[in-house]
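Each residue takes its place number in the sequence, starting with 1. For ligands, and for the atoms within them, numbers begin at 1 and follow the listed sequence. For the numbers below, each heavy atom of this structure counts, side chains included, while hydrogens, waters and symmetry mates do not. Since the model is a prediction, treat every value here as computed from it, not as a measurement.
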Amino acid sequence: MTDRYAVFGHPIAHSKSPQIHAAFARQTGQDMTYEAILAPIEGFADSVASFVATGGRGANVTVPFKEEAWKLADRLSPRAERAGAVNTLSFDADGITGDNTDGAGLVADLTGNLRRQLAGTRILLLGAGGAARGVIEPLLEQQPAALVIANRTVSRAQELAALFGDARLTACSFDAADSRFDLVVNATAASLAGELPPLSPAIFTASTLAYDMMYGRDTPFLSFARTHGATTADGLGMLVEQAAEAFALWRGVRPDTAPVIASLRT
Ligand code: ATR
């Protein structure tokens, strides 16, 4: 029987995940299907349960269900435990295992596709919500000299930094981030609203990479960074890399991401 996989979200119609996983399956010769499932806002757990009952082997989880998936899992990987959110579920006889491949996806895009060394660098992370939290530990594993979390609500950034208890990790307001960084990652929801966080141009130099986790359109953040001399990248590579990491967990084979990223760009 063909193995079934899916992505759960609300909304979900515009998800690129079915296209990405179909490309991975073709490339690696895996016999599987991957569909997009719109779970009701109040019905995520029920929706997952009926998918498992009808042969579901694994699932990705996207907005707004990642925290709920974290609670739903019977077991969590260490990285999912610390991320406080789950984007990848695996179903077997022992129940539901939750993992989080978002941070690994970001790091793979930065270091592999974009060829950025992160060791010894200064990284500025904008935002203190679930998207930011998920990438902190994988970024720290790259041994940056400093990782600064800046957020509109400073107390949220401070709480998040305290959670990890790492001397390289500090928190501040957007105003207080006013010196140069090698990498600036936008993990706020500002781009979704077409807004620009109030950033100082002093954070950007010609060698800065400005990275927006959002993809599919030029954002005010990327355009501001470019105006101030930085190189820019959107989150399409991260999307494909987190999918590849999930695919490898489920199927035991690692797909080649480059042709999939290239085809989604055209
Ligand atoms: P997610 O899971 O996508 O991270 P979230 O937990 O709601 O969603 O967090 C959204 C993040 O985007 C927060 O850091 C939020 O800042 P606050 O903590 O101050 O609310 C940030 N954010 C949302 N809209 C923003 C805007 N217009 N400008 C700057 N930051 C914004």
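If you check the side chains of Asn186 and Ser191, you find a donor sitting under 3.5 Å from an acceptor. Thr121 and Arg116 form no side-chain donor-acceptor contact under 3.5 Å, judged by distance and modelled atom types alone. Looking only at atom types and distance, the side chain of Asp99 has a donor-acceptor partner in the side chain of Ser77 under 3.5 Å away.
Comparing Ala150, Ala128, Gly129, Ala85 by heavy-atom distance to atom 6 (O) of ligand 1, the nearest is Gly129. For atom 17 (P) of ligand 1, the nearest non-hydrogen atom from the set Ile149, Thr153, Leu192 comes from Thr153. With Ala157, Ala187, Ala131 as candidates, the residue nearest to atom 1 (P) of ligand 1 on a non-hydrogen basis is Ala131. Considering each of Ala189, Pro64, Gly130, the one bringing a non-hydrogen atom nearest atom 12 (O) of ligand 1 is Ala189.
The ligand atoms of ligand 1 that sit less than 4.0 angstrom from a heavy atom of Gly127 are 14 (O). Within the listing of ligand 1, atoms 26 (C), 27 (N) sit less than 4.0 angstrom from a heavy atom of Glu195.
Not a single N or O atom of Glu67, backbone or side chain, sits closer than 3.5 Å to an N or O atom of ligand 1. The shortest N/O to N/O separation between Thr188 and ligand 1 does not fall below 3.5 Å.
Residues satisfying the side-chain hydrogen bond (donor to acceptor under 3.5 Å, both in side chains) criterion with Thr205, sequence neighbours excluded, are Ser207, Thr208.
Only one option out of Phe51, Tyr34, Phe65 pairs with Phe8 in a ring-ring contact (aromatic ring centres under 6.0 Å, His included); it is Phe51. When the options Phe91, Tyr5, Phe24 are evaluated for a ring-ring contact (aromatic ring centres under 6.0 Å, His included) with Trp250, the one that passes is Tyr5.
Counting protein heavy atoms only, atom 26 (C) of ligand 1 is closest to Arg152 NH1, 3.3 Å. Looking from atom 28 (N) of ligand 1 to the surrounding protein, the closest heavy atom is Ala190 CB, 3.6 Å. Of all protein heavy atoms, the one lying nearest to atom 14 (O) of ligand 1 is Asn151 OD1, 2.7 Å.
At a 4.0 Å heavy-atom cut-off, ligand 1 touches Arg156 through the side chain alone.
Leu106 shares a hydrophobic cluster with Val107, Leu110, Leu114, Leu118, Ile123, Leu125, Val135, Ile136, Leu139, Leu140, Leu147, Ile149, Leu160, Leu163, Phe164, Leu169, Leu183, Val185, Leu209, Tyr211, Met213, Met238; the chain of contacts runs through ILVMFWY side chains whose heavy atoms sit under 4.5 Å apart.
The two residues Lys66 and Val61 come nearest to each other via the heavy atoms CE-O, 3.4 Å.
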